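Worksheet for the structure shown next.
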Number of protein chains: 2
Amino acid sequence: MALGKDYRGQDCALARALEIVGERWTLLILRDAFYGVRRFSDFLAHLGLPRAVLSSRLQALVEAGVLAKHGCEYELTERGRELWPALHMLARWGERHFSADGPSRVFEHVACGTRLDPSGSCPSCGGIVPPEEVRMLPVPGRPVGDDPVSRALAEPRRLLDPLRP
Amino acid sequence: MALGKDYRGQDCALARALEIVGERWTLLILRDAFYGVRRFSDFLAHLGLPRAVLSSRLQALVEAGVLAKHGCEYELTERGRELWPALHMLARWGERHFSADGPSRVFEHVACGTRLDPSGSCPSCGGIVPPEEVRMLPVPGRPVGDDPVSRALAEPRRLLDPLRP
DNA sequence: ACGGGTCGGTTCATTGAATGAACTGACCGT
DNA sequence: ACGGTCAGTTCATTCAATGAACCGACCCGT
């Protein structure tokens, strides 16, 4: 964004949220974090954004308490993990309306194997499923990128499980 | 955002969604649309963004089928109204973590008067409440802007009800 | 019919963020 | 000591955001 990333004068919770996660690339960085990406070079290779931007975004997210830096790994905090339902809803909306080829990944509740509904709830258990209890399953037959992250995400994975052992 | 608003090469529904609603100001414009704002000058006065940016965003949203232009009014389409739960969740997240003074507005289910939970569901009826069935109630004692929209939003309103009669 | 005001934009120069390539320095394994 | 990877920083270039000025259509009162 250009010229001031803030939304001064808006007495509105949405404006506060967008000042943190509303900049270009930020929500995609967080999506990767939910997929288990933790290292600078992995974000870089998978998202293809400029290094300077990634560095700046990670720093801002750590300052906002959304990510925490442990050594050279960035991990979602509780505050960050609470974004999962909103992120999931937004992604399902994009999928319904703008993904010509249908979903590229589906999400299910680990406990019961039921596919989540668009709101992020488990239809059989009821209620929003936290990310630790969600498994992501790639839809087969999709092109797979040639970076290590894309290859790792071609296998089913539980959210938040680190990509590297 | 600068240099390409798209996220090429991401086979991801979230990237598709962000190409539509991920640019600066866009989600705030849509929030105002849920509050009943429909006219160019009302968006302008309430958000305080440059006219050129508002014009460009409204045009893009119409092209994407999120808004529809009727005469000189912009209205949410069904596709646009489906964004409500995601928008609400993001706003509640911002409110929990970054609104020092607590909520400035609260939201209740018109049918039963119950306050919505953070996921946008009605605790007593169960299930996500569509925006037509949500009433917004401003919290008293807040500073009110001096534009017509801010004054109108200082009264309780049902979402999507046009601001002007 | 004319003049003034509002509305819904477009045009334009300036500013600053995003981009991408090059560079730096720490750490590792051999 | 050497080469390679990793995690950034620096820097020139490009392009979107900003804000002010401008423009035409429409309405209203005279």
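All values derive from a computational prediction rather than experimental measurement. Protein chains get the first letters and strands the later ones, always in sequence-line order, with residue 1 at the start of each. Values below: all heavy atoms of this structure, side chains included; hydrogens, waters and symmetry mates excluded.
Shown here are the side chain to side chain donor-acceptor pair (under 3.5 Å) partners of Ser99(A), two or more places apart in sequence or in another chain: there are none. Applying the salt bridge (Lys or Arg N to Asp or Glu O under 4.0 Å) criterion to Arg135(A), with sequence neighbours excluded, gives Glu108(A). For His97(A), the side-chain contact (heavy atoms from CB on, under 4.5 Å) test picks out Trp93(A), Arg79(B), Glu82(B), with sequence neighbours left out. Here Ala45(A) pairs with Asp147(A) under the side-chain contact (heavy atoms from CB on, under 4.5 Å) rule; sequence neighbours left out. Residues meeting the salt bridge (Lys or Arg N to Asp or Glu O under 4.0 Å) test with Arg142(B), sequence neighbours left out: Asp11(A). Applying the salt bridge (Lys or Arg N to Asp or Glu O under 4.0 Å) test to Glu133(A) and every residue at least two apart in sequence or in another chain returns nothing. Applying the ring-ring contact (aromatic ring centres under 6.0 Å, His included) rule to Phe40(B) yields no partners; only residues at least two apart in sequence or on another chain are considered. Every residue two or more places apart in sequence or in another chain was checked for a salt bridge (Lys or Arg N to Asp or Glu O under 4.0 Å) with Arg31(B), and none qualifies.
The side chain of Pro50(B) has dG19(D) as its nearest neighbour among dA18(C), dA7(D), dG19(D). For Arg57(A), counting side-chain heavy atoms from C-beta on, the closest listed nucleotide (dG19(D), dG8(C), dA18(C)) is dA18(C).
Going from atom CD of Gln59(B) over to atom C1' of dG8(C) covers 12 Å, rounded to whole Å. In this structure, Arg164(B) atom CZ and dT6(C) atom P are separated by 13 Å, rounded to whole Å. As rounded to whole Å, 15 Å separates atom C1' of dA21(C) from atom CG of Leu49(A). The nearest whole Å value for the distance from the CZ atom in Phe43(A) to the P atom in dG8(D) is 11 Å. Rounding to whole angstrom units, CZ of residue Phe40(A) and P of dT9(D) are separated by 8 Å. For the pair Glu23(B) CD and dA18(C) C1', the computed distance is 13 Å after rounding to whole Å. Atom CG in Leu58(A) sits about 16 Å away from atom P in dC6(D), given to the nearest Å. Counting to the nearest Å, the P atom of dC27(C) and the CZ atom of Arg39(A) are 15 Å from each other.
Fit an axis to the five pairs at each end of the helix from dA1(C)-dT30(D) to dT30(C)-dA1(D) and the two axes sit 20° apart, to the nearest 10 degrees.
Inter-residue side-chain proximity for Val21(B) and Leu90(A) is flagged as met; some heavy-atom pair is nearer than 4.5 Å.
For residues 155-165 of chain B, the side chain to side chain donor-acceptor pair (under 3.5 Å) pairs, not counting sequence neighbours, are Asp42(B)-Arg164(B).
Within residues 67-77 of chain B, the residues having any heavy atom closer than 4.0 Å to DNA chain C are, in order of number, Lys69(B), Cys72(B), Tyr74(B).
Ser41(B) has a side-chain polar atom (N or O) that falls below the 4.0 Å cut-off from OP1 or OP2 of dG8(C). The phosphate of dT10(C) (OP1 or OP2) has a side-chain N or O of Ser55(B) nearer than 4.0 angstrom. For Arg24(A), a side-chain nitrogen or oxygen approaches OP1 or OP2 of dT19(C) to under 4.0 Å.
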For nucleotides 22-25 of chain D, which of its nitrogen or oxygen atoms have a protein nitrogen or oxygen under 3.5 Å away, and what is each distance?
none

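Between Glu75(B) and Arg38(B) there is a salt bridge, since at least one side-chain N of the basic residue sits less than 4.0 Å from a carboxylate O of the acidic one.
Below 30°, between 30° and 60°, or above 60°: for Phe107(A) and His88(A) the angle between ring planes is above 60°, a perpendicular geometry.
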